[in-house]
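In what follows, every chain begins at residue 1, and chains take the letters A, B, ... in the order their sequences are listed. Hydrogens, waters and symmetry mates are skipped; everything else that's a heavy atom, side chains included, is used.
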Number of protein chains: 2
Amino acid sequence: MNTTTRRGRPRKGDARLSREAILTAALEVVDADGAAAVSMRTVGQRLGVDAKSLYHHIDGKEALLDAVAGHVLGGIDLPDLTGQPEEDLRAIAQSFRQATRAHPQAAALVLTRQLPSIAALAPVEAVLSVLRKAGASPEEAVHLLRSLLAVVVGSLLREAGAGPAFGVTDEAGIAHRRAELEQTGLPAVVECAPHLARCDHEAEFSFAVDLAVAATMQRLVTPRR
Amino acid sequence: MNTTTRRGRPRKGDARLSREAILTAALEVVDADGAAAVSMRTVGQRLGVDAKSLYHHIDGKEALLDAVAGHVLGGIDLPDLTGQPEEDLRAIAQSFRQATRAHPQAAALVLTRQLPSIAALAPVEAVLSVLRKAGASPEEAVHLLRSLLAVVVGSLLREAGAGPAFGVTDEAGIAHRRAELEQTGLPAVVECAPHLARCDHEAEFSFAVDLAVAATMQRLVTPRR
DNA sequence: ACCTGAACACCGTTCAAGT
DNA sequence: ACCTGAACACCGTTCAAGT
């Protein structure tokens, strides 16, 4: 929680206002002070403009946050597909992670908002296309897409600091957390405490995605059951 | 968005205040009007008490929301384990889902808050214990636990109306969404539009969990790789 | 020990003006 | 066409009182 309020000097010169400028300013606020710091007033201030002026370009705060989330998600840089399904699915998942890592403070926003459907269809098309070429029926492809998406969203949410974590990244905290876990007396938790206390988000993301992709391929090779 | 504000008549008789009573009142607000409707004032009102009184029992609004999330998660009813790992993992995942479905409006809260570590250790112990008995090393068990958790969290977040959905549950909306998807011109999206437009959350949850559990068992049978 | 009045520094949003 | 002053109905939180 940042108690110091950064002002971010208003730009008096170009008081020109536009949807694009507002979006950028809002994202700057998120990057600097977190999503909770976004208010019509803080965003307006960053543009040297009254909060109420924003309403001429944006539908309100909720719409603004949706737009910011969509903007970040739009920054996803999809890989060139190789035709090797496992490799391609992994690469798409990684590109999703890169997009959220570009704005870590905005990640929870992206993962948590019901986006205006159309915003994120490029990666969806990519995944479905890979699955279809790998032999999935349209119905199966959709189920598999949703499973993969759940893994990606769940993993990134944990990395973003929302969602259950149990683990910590800084060496200082790990020992402390480990001790806590060992004091629970829960046998499996105690046994696993050293690994539970530590969380390497990149490694966990890759592990989970690899597992999901492997399961996907398995399902396609052994259809139905 | 509920424009009508429900008052919920204050209980003048037992103006006794306690952490437990506050928690219950807060959860009632969440269930009735959604998490966004929770404020120190609305919760106090429901107890017939001034908002400021809550501070004598609770650390502030954030702490209150954390406590509500922990309370819902604490309501998880773990299954008796059968010794059959696949079955047990699925049953634990389903019990997790049941806990959030008991308070649908609180689901996003539960999934999204960094919970005070200790709150949710019972299900963790259950999963780790199953994985260890199935032959996983402590390290492997933790990776697999995190993968499974990601699937569960990602799936439930979608069901809770946060997170990307693409699909809709009411028959009315499905046709509309399908038409939208078909107009995108993205070939795989168009091809899959009928299935993409519809989303049966229970079926999708089970599909994703089954897939993850299958992958987990596969990984345990074929160690390392 | 527990509750509240007064107070402070914030919110999002509307609308009738002003240019 | 775009911006704002005045205004409204909210927030979370502190602190010095009151019982």
Fill in: Distance, nearest 0.5 Å, that separates CZ of B:Arg19 from CG of B:Asp59
9.0 Å
Worksheet item: Looking at OG of A:Ser39 and CG of A:Leu54, how far apart are the two atoms once the value is rounded to the nearest 0.5 Å?
Response: 9.0 Å
Response to the item:
Comparing nearest nucleotides in DNA chain D, the 5'-proximal residue of the pair B:Gly60, A:Leu54 is A:Leu54
Worksheet item: In terms of the nearest nucleotide of DNA chain D, which residue is placed more toward the 5' end: A:Arg41 or A:His57?
Response: A:His57
Would you kindly give the [atom1]-to-[atom2] distance between [X] and [N], to the nearest whole Å?
{"X": "B:Leu64", "N": "D:dT13", "atom1": "CG", "atom2": "C1'", "value": "14 Å"}
{"X": "A:Met40", "N": "D:dC3", "atom1": "CE", "atom2": "C1'", "value": "14 Å"}
{"X": "A:Ile58", "N": "C:dG12", "atom1": "CD1", "atom2": "P", "value": "13 Å"}
{"X": "B:Asp50", "N": "C:dG5", "atom1": "CG", "atom2": "C1'", "value": "9 Å"}

Fill in: Single hit among A:His201, A:Glu159, A:Glu202 for side-chain contact (heavy atoms from CB on, under 4.5 Å) with A:Arg101
A:Glu159
Whether [X] side chain and [Y] backbone form a donor-acceptor pair below 3.5 Å:
{"X": "B:Glu182", "Y": "B:Val190", "result": "no"}
{"X": "B:Lys52", "Y": "B:Met40", "result": "no"}
{"X": "B:Ser53", "Y": "B:Val49", "result": "no"}

Worksheet item: Has B:Ser53 got a side-chain N or O lying under 4.0 Å from the OP1 or OP2 atom of C:dT4?
Response: yes
Item to complete: Please step through side-chain hydrogen bond (donor to acceptor under 3.5 Å, both in side chains) for the pair B:Ser206 and B:Gln94, ending with a clear verdict.
Response: CA-CA 8 Å; B:Ser206 295; B:Gln94 293 290 347; 3.3 Å; yes
Discussion item. Dot-bracket for DNA chain C, please. Rules: Watson-Crick or G-U, both distances under 3.5 Å, ( ) within the strand, [ ] when a pair crosses earlier ones, | for another strand, . otherwise.
Written reply: ||.|||||...|||||.||
Practice prompt. List in chain and number order the residues that pass salt bridge (Lys or Arg N to Asp or Glu O under 4.0 Å) with B:Arg41, two or more places apart in sequence or in another chain; answer none if no residue qualifies.
Written response: none
Worksheet item: Of the candidate nucleotides C:dG12, C:dT4, D:dC11, which contains the atom at the shortest distance from the side chain of A:Lys61?
Response: C:dG12
Worksheet, complete the sentence: The contact string for nucleotides 14-19 of chain C, one letter per nucleotide 5' to 3', using protein heavy atoms under 4.0 Å with B, S and - for base, sugar-phosphate only and none, comes out as B-----
Worksheet item: Which value, in whole Å, describes the distance between the C1' atoms of nucleotides C:dC11 and D:dA7?
Response: 14 Å
Item to complete: May I ask you to decide whether B:Arg158 forms a salt bridge with B:Glu204, counting only side-chain N to carboxylate O separations under 4.0 Å?
Response: no
Worksheet item: Looking across every strand, which nucleic acid part, if any, lies under 4.0 Å from A:Ser39 by heavy atom: base, sugar-phosphate, or nothing?
Response: sugar-phosphate
